[in-house]
Structures are given as C-alpha cells and as structure tokens.
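If you're wondering where the values come from, they're calculated on a predicted model, not measured in any experiment.
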Amino acid sequence: QVQVAESGGGTVQSGGSLRLSCAATGPEHRRVFMSWFRQAPGKEREAVAGIDTQFDSTLYADSVKDRFMVSRDKDDNTLYLQMNNLLPEDSAVYYCATGLLDTWPRAWPRASAWSFWGQGTRVTVSS
C-alpha cells in the first residue's frame, strides 16, 4: 500500500519562498509518477508540478513556471516543491499525489487520474 504525507506549509509574505516535502512509501512501481496539486477555497484542485521519476522529467502549470521547482531525493523517497516568489494567488492547500492510473504526461493534470493522496499542507501568502 502506498502512503503519502506532505509537510512544510505555512504563512509567508508575497515574494517569499517555501519548500514543501512529500514522503512517499510503498511499492516503487506504484510511485513512478508523482505530482503536486493545490486547491484554493471554492476552486477545483489543479495540477501544479509533476515528475516522471524514471527520467526526472518534469511538468509545470503555466502559472508557476519559472517560480516553482519539483525535485526528488532518491535515497529517502522524498518529493520536494521549492516555491519562490510566492504570490497571494498561490495560497491553497497543497497535495502530493502518486499512483497514476492513466498515461503520462497526458493524464497528469487530472486529479481523478491519481490513486494516492496525502492529507495536504496549507500555504498562505499574505500581500
């Protein structure tokens, strides 16, 4: 069984930085693709960044390109999301997901395509 747990959220001023972590355990073949999503109040869950761990190839939403960076530590099965130049519109609960049910990268943006989710970590950016 795959388990996922995020950490690292908090409150930061606009222009600041945060780094989120995602600890994932379970069969490695279920965790080949990993992704960060976020959900703001009243909005749908949206894909932020994803990674194919076989090749370390990454995907980003247009809204976070050049500001966010997804990476992973192979040794301890941890996924990171480095978020720089944060804006108030980045405020949301951020979720880590793995266990892609459909084809990468086409299915990456769809929350319904991911099997395993963490509980989320809240990021608040004040203006």
Side-chain angles (χ1 to χ4, degrees):
Q1 179 70 0
V2 175
Q3 292 188 322
V4 180
E6 309 91 340
S7 60
T11 299
V12 65
Q13 288 191 330
S14 183
S17 297
L18 278 175
R19 188 175 79 157
L20 306 183
S21 300
C22 170
T25 59
E28 190 171 348
H29 71 278
R30 306 294 298 275
R31 298 183 280 109
V32 171
F33 305 105
M34 300 190 73
S35 184
W36 287 99
F37 282 76
R38 66 185 181 188
Q39 188 166 21
K43 293 191 176 181
E44 290 189 358
R45 194 169 294 193
E46 63 170 346
V48 174
I51 187 167
D52 173 351
T53 64
Q54 300 170 102
F55 307 106
D56 281 337
S57 60
T58 56
L59 295 171
Y60 295 94
D62 288 343
S63 59
V64 306
K65 262 179 200 173
D66 302 324
R67 298 190 299 122
F68 290 12
M69 187 175 74
V70 62
S71 62
R72 70 184 183 106
D73 185 323
K74 297 179 189 180
D75 292 332
D76 63 7
N77 295 322
T78 301
L79 185 72
Y80 298 100
L81 185 67
Q82 178 66 43
M83 305 186 295
N84 299 323
N85 191 21
L86 282 160
L87 305 170
E89 49 263 46
D90 294 318
S91 297
V93 177
Y94 282 72
Y95 297 91
C96 180
T98 191
L100 187 62
L101 297 170
D102 205 338
T103 306
W104 174 276
R106 181 184 65 196
W108 166 68
R110 288 191 289 117
S112 61
W114 298 85
S115 300
F116 305 105
W117 294 83
Q119 78 288 351
T121 186
R122 185 175 299 277
V123 172
T124 302
V125 184
S126 60
S127 56

(request) Look only at the side chain of Q119 and the backbone of E6, and say whether a donor-acceptor pair between them is shorter than 3.5 Å. (result) yes
(message) Given 3.5 Å as the limit, does a donor-acceptor pair link the side chain of S115 with the main chain of G99, or not?
(response) yes
(message) Working to the nearest 0.5 angstrom, can you tell me the gap between S63 OG and F68 CZ?
(response) 7.5 Å
Throw together a table of side-chain donor-acceptor distances under 3.5 angstrom for residues 25-32, partners on residues two or more places apart or in other chains.
unit_1	atom_1	unit_2	atom_2	d
R31	NE	G26	O	3.0
R31	NH2	G26	O	2.9

(message) With a 6.0 Å cut-off (strictly less than), is the heavy-atom count around CZ of R122, excluding the residue itself, greater than 12?
(response) no
(message) Counting only heavy atoms not in Q54 (residues, nucleotides, ligands), do more than 12 fall under 6.0 Å from its CD?
(response) yes
(request) Calculate, to the nearest 0.5 Å, the distance between atoms CZ and CG belonging to R67 and N84 respectively. (result) 9.0 Å
(message) For the SG atom of C22 and the OH atom of Y94, what is their distance to the nearest 0.5 Å?
(response) 14.5 Å
(message) I'd like to know if the side chain of Y60 reaches the main chain of V70, judged simply by a donor and an acceptor atom lying under 3.5 Å from each other, with no hydrogens or angles considered.
(response) yes
(message) For F37, does the six-membered ring have the charged nitrogen or CZ of R45 within the cation-pi criterion, i.e. under 6.0 angstrom from the centroid and within 45° of the normal?
(response) no
(message) Donor-acceptor check, side chain of S91 to backbone of V125, threshold 3.5 angstrom: yes or no?
(response) yes
(message) Counting only heavy atoms not in D73 (residues, nucleotides, ligands), do more than 12 fall under 6.0 Å from its CG?
(response) yes
